[in-house]
Amino acid sequence: MNNMRLHCQRQYAAAFLNQVWNELEPRTTQGPQLLQNKEPRDSNQVIFSGYIMQYVENKKKWKERYFVMKADYSLECFESNEAAQRGLKPDMTVHLSGCILLSSVSDYREMLNQSWTVFNGVVDTYLEEQHLGFPTSQHLFLWHSYRPHLLLCFHTEDNCHTWSVLFADGIRHLNTVLFGRDSFDVRAFLEAVRVYREQKGRYGICDLYLGSETEILSNLVMEDLCPVLESQLIPHIRGAEIKRKQTWLKMLGEMYAVVESHVSEKFQTLLMENEEQKQRLERTIRPDFNQILTTKKQIMEKIRASLEGRVRCSCQEHVQPQLGSVQEAVAGSMKTLLAETRRLFSEEVSEVIDKVKSAGDGSSLAEVCSQILVSLRHAAQMHHCYKKTEELERYLSEVGPRFTFCGAHFLMQRAQHITHQLMEDAVYTFQQMLTSMQPAAGLPAESGHHLDKTRVLVLKKLDSDSNAAGRQFVRDVLLELVLPFVLKTLEPSCKPELPVYEAFMSVDDDGLIQIESIFKELVLHIVTEEINKVMKETSTQPKFSLYNESMAYLWDNEPQLPVAEIPTCSTSPTELAEQASALETIKECEEETRCLPDLRKSKTADGM
């Protein structure tokens, strides 16, 4: 953690320099068309609850317990419904972040085999003795690398499916919590994690990056700690193999809890240090920004002159031959996912509109917002969209070995996060536009007319934002596959030469200019050029990218580097006819909406 603290401080300084540069030289970018829903949910609201049979390890039996899922996706377990209703403290709180949801014994057995290599030959025996006596045929496994596993059984298939969808939704939400915070300090933290792992020869993303900062740091500690503890402790655990296995799993869970506690305490200290560092950087950077930038550019040119040829040669040899096929496959999967999201939104909104029209009552217009929100926020509805990412995960798992890449699950979760956010924003935009138009809707017939036009406009905005998000996601996937691979390939030949450039730096106690970071920016710039050749078209600056590229633009003579492109979502013949028939109403609706108050301004004025 002390080692990680130094990396965080250095990356925080570099990220803050980028932040100041963006403030002083802002780039004109096209913002999202949809209004972004940032209204927090009530964390105490109960989404779902019910009795589930849980395998209790210490008692070696199945027991029915009452589980409660809250709006913040915390999962609480009580002895009974009465205990939950009385507000008693839960017997157990299940942390879903970092979990993998499994629905078959064979999948669970495979995970055990992968994780318990030191207990080869006893996994099947363990399952037979401990877990094959399921009371029903409907079961789920919540697997975590370090926390205790949760084994559950359900009385009906419908109940199992409902909880399965809720668990998957909670895992996705908690795993991608950092993507909801588009800030330079989050970028600095993620880059610090990258640098820390790269110094140990571990390049690229993996499941360690899922969850909050505390969970990511805890995973890093366990990544280093577990191999040592396995070699030192397991040989000294006595008893039968099954008993040794149970003892080790219990120790592992206890160790992870201790690690999380210490890491959480140290991370809070780090946050306070960041605030103090920010004040120092403000006094250092802003008065001397031009001089700092000039020094960095001079060092960049020297590194470019010496190492650019080797970087481009590596890209031509290892990247160019494979990039086109990978881009096509990833873009196709993302297009399918976005098209399914659009279809779901369009169909659900149309169904509600038809109900309002058939009711023939203008007062029903006020109920439309809540109906659509409840319908599209329901986890089961979005589950159909999320299923489309399975093909993407399979492909990335297959192509990963070419680039020593193991982050397929991470990127699949991010694709689901993008889909979820687009749907949330589309529903929220529809609500806000409908609320603004409601005073203009007098007769019931006019209400239906306004509903139709609002739907068409929101679909246009959803298409625009979906295409931008899809382009950026494809570009990030290609970067995550290629960039770590190229950096690892170049490390033996280029990294030993970097200390030479330290002599060209002035005294920099705050770490604003880092030679290794400048070299990585050069590699990022060249890899991005190769990706742009494949993607062919440009896009706007992303809202949240896995890489902080603001200073990388200095490598180009142009003001900005182009960004990747994904083909627009394919549209079915029915949707084409629908759009054609609505074309004439769009202009009329846009004229009307110009007369309405600006939604973003009105949100601010109303304290929203």
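A quick note: this is a predicted structure, and the numbers were derived from the prediction, not measured. This chain uses plain numbering: 1 for the first residue, then up along the sequence. All values below were derived from every heavy atom in this structure, side-chain atoms included, with hydrogens, water molecules and symmetry-related copies excluded.
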Query raised in the report: Roughly how far, to the nearest 0.5 Å, is CD1 of I47 from CG of L75?
Result: 10.5 Å
Report task. Would you name the heavy atoms of L524 and T528 that are closest together and state the gap between them? Result -> O-OG1, 2.6 Å
Requested in this report: List the steps and the verdict of side chain to side chain contact (heavy atoms under 4.5 Å, CB included) for L220 and V193.
Outcome: CA-CA 8 Å; L220 288 181; V193 173; 3.8 Å; yes
Query raised in the report: Just by modelled atom types, is the G98 backbone N or O under 3.5 Å from a matching donor or acceptor in the N175 side chain?
Result: yes
Query raised in the report: Is it true that atom CD of Q291 has more than 12 heavy atoms of other residues, nucleotides or ligands lying nearer than 6.0 Å?
Result: no
Requested in this report: Determine, stepwise, if the pair R310 / E497 fulfils salt bridge (charged side-chain N to carboxylate O under 4.0 Å, His left out).
Outcome: CA-CA 13 Å; R310 271 177 271 179; E497 297 183 20; 2.9 Å; yes
**Report entry** Parallel, tilted or perpendicular: ring planes of H144 versus Y256, cut at 30 and 60 degrees
**Finding:** tilted
Query raised in the report: Is it true that a side-chain atom of T419 and a backbone atom of A415 form a donor plus acceptor pair closer than 3.5 Å?
Result: yes
Report task. Please confirm whether the backbone N or O of E265 pairs with a side-chain atom of T269, one donor and one acceptor, at under 3.5 Å? Result -> yes
Report task. May I have the step-by-step check of salt bridge (charged side-chain N to carboxylate O under 4.0 Å, His left out) for R304 and E301, ending in yes or no? Result -> CA-CA 5 Å; R304 185 206 292 265; E301 289 305 316; 3.7 Å; yes
Query - D425 versus Q421, side-chain donor and acceptor atoms under 3.5 Å - result: yes
Report task. Measure from the ring center of H420 to the ring center of Y386 and say whether it is less than 6.0 Å. Result -> no
Query raised in the report: So, E529 versus H525: side-chain donor-acceptor pair below 3.5 Å or not?
Result: yes
Query raised in the report: Does the side chain of M382 reach to within under 4.5 Å of the side chain of D169, using non-hydrogen atoms?
Result: no
Report task. State whether the side chain of S264 and the backbone N or O of E260 hold a donor-acceptor pair below 3.5 Å, judged by distance alone. Result -> no
Query raised in the report: Do F504 and K302 come close enough that some side-chain heavy atom pair is under 4.5 Å?
Result: yes
Query raised in the report: Could you state the interatomic distance from OG1 (T489) to CZ (F403), rounded to the nearest 0.5 Å?
Result: 10.0 Å
Report task. For the residue pair F189 and F267, categorise the inter-ring angle as parallel (less than 30°), tilted (30 to 60°) or perpendicular (more than 60°). Result -> perpendicular
Requested in this report: Decide if the gap between the ring center of H318 and the ring center of F485 is smaller than 6.0 angstrom.
Outcome: yes
Query - Where V319 and V482 come nearest, the two heavy atoms and their spacing - result: CG2-CG1, 3.3 Å
**Report entry** Trace of the side chain to side chain contact (heavy atoms under 4.5 Å, CB included) decision for L233 with M251
**Finding:** CA-CA 10 Å; L233 298 182; M251 292 172 65; 3.5 Å; yes
**Report entry** Whether R197 side chain and G204 backbone form a donor-acceptor pair below 3.5 Å
**Finding:** yes
Query raised in the report: Which heavy atom in E530 sits nearest to a heavy atom in L323, and how many Å separate them?
Result: O-CD2, 3.6 Å
Query raised in the report: Is there a salt bridge (charged side-chain N to carboxylate O under 4.0 Å, His left out) between K520 and E198 once you walk through the steps?
Result: CA-CA 12 Å; K520 290 173 67 175; E198 286 173 3; 3.1 Å; yes
Query raised in the report: After noting the C-alpha distance and the side-chain angles of T389 and Q416, does the key distance pass the side-chain hydrogen bond (donor to acceptor under 3.5 Å, both in side chains) rule?
Result: CA-CA 7 Å; T389 61; Q416 293 181 358; 3.0 Å; yes
**Report entry** K70 atom NZ: more than 12 heavy-atom contacts under 6.0 Å
**Finding:** yes
Query raised in the report: Under 3.5 Å, is there a donor-acceptor pair linking the side chains of Y12 and D185?
Result: no
Query raised in the report: Does the side chain of N22 come within less than 4.5 Å of F184's, by heavy atoms?
Result: no
Query raised in the report: Where do L229 and C226 land on the side chain to side chain contact (heavy atoms under 4.5 Å, CB included) test, with the steps shown first?
Result: CA-CA 5 Å; L229 295 178; C226 276; 5.8 Å; no
Query raised in the report: Does one side chain, of T93 or E76, offer a donor that lies under 3.5 Å from an acceptor on the other?
Result: no
Query - Any I171 side-chain heavy atom under 4.5 Å of Q413 side chain - result: yes
Requested in this report: To the nearest 0.5 Å, tell me how far S314 OG sits from L490 CG.
Outcome: 4.5 Å
Query raised in the report: Side chains of Q472 and D476: do they bring a donor and an acceptor to under 3.5 Å?
Result: yes
Query raised in the report: Does the side chain of E223 come within less than 4.5 Å of L208's, by heavy atoms?
Result: yes
Requested in this report: Can you see which heavy atom on G211 is nearest to which on L178, and at what distance?
Outcome: O-CG, 3.7 Å
Query raised in the report: Among side-chain atoms of S306 and Y501, is any donor-acceptor pair under 3.5 angstrom?
Result: yes
Query raised in the report: Within a radius of less than 6.0 Å around NZ of K250, do more than 12 heavy atoms belonging to other residues, nucleotides or ligands occur?
Result: no
Query raised in the report: E215 and H95: side-chain donor and acceptor closer than 3.5 Å?
Result: no
Query - Evaluation steps, side chain to side chain contact (heavy atoms under 4.5 Å, CB included), between M222 and L252 - result: CA-CA 9 Å; M222 295 299 288; L252 193 65; 3.9 Å; yes
Requested in this report: Evaluate whether atom CD of E502 has more than 12 neighbouring non-hydrogen atoms of other residues, nucleotides or ligands under 6.0 angstrom away.
Outcome: yes
Requested in this report: Work out which heavy atom in S97 is nearest to a heavy atom in R147; give both atom names and the distance.
Outcome: O-NH1, 3.1 Å
Query raised in the report: Between R10 and E191, is there a side-chain N and carboxylate O pair less than 4.0 Å apart?
Result: no
Report summary line: Separation between OG1 (T284) and CZ (F16), nearest 0.5 Å, reads 9.5 Å
**Report entry** Qualifying residue for side chain to side chain contact (heavy atoms under 4.5 Å, CB included) with V330, from L411, V477, V399
**Finding:** V477
Query raised in the report: Quick one: CG on L96 to CE on M69, what's the gap to the nearest 0.5 Å?
Result: 5.0 Å
Query raised in the report: For the atom pair CD (E480) and SG (C206), what is the distance rounded to the nearest 0.5 Å?
Result: 10.5 Å
Query raised in the report: For A408 and S397, which heavy atoms make the closest approach, and how far apart are they?
Result: CB-OG, 3.5 Å
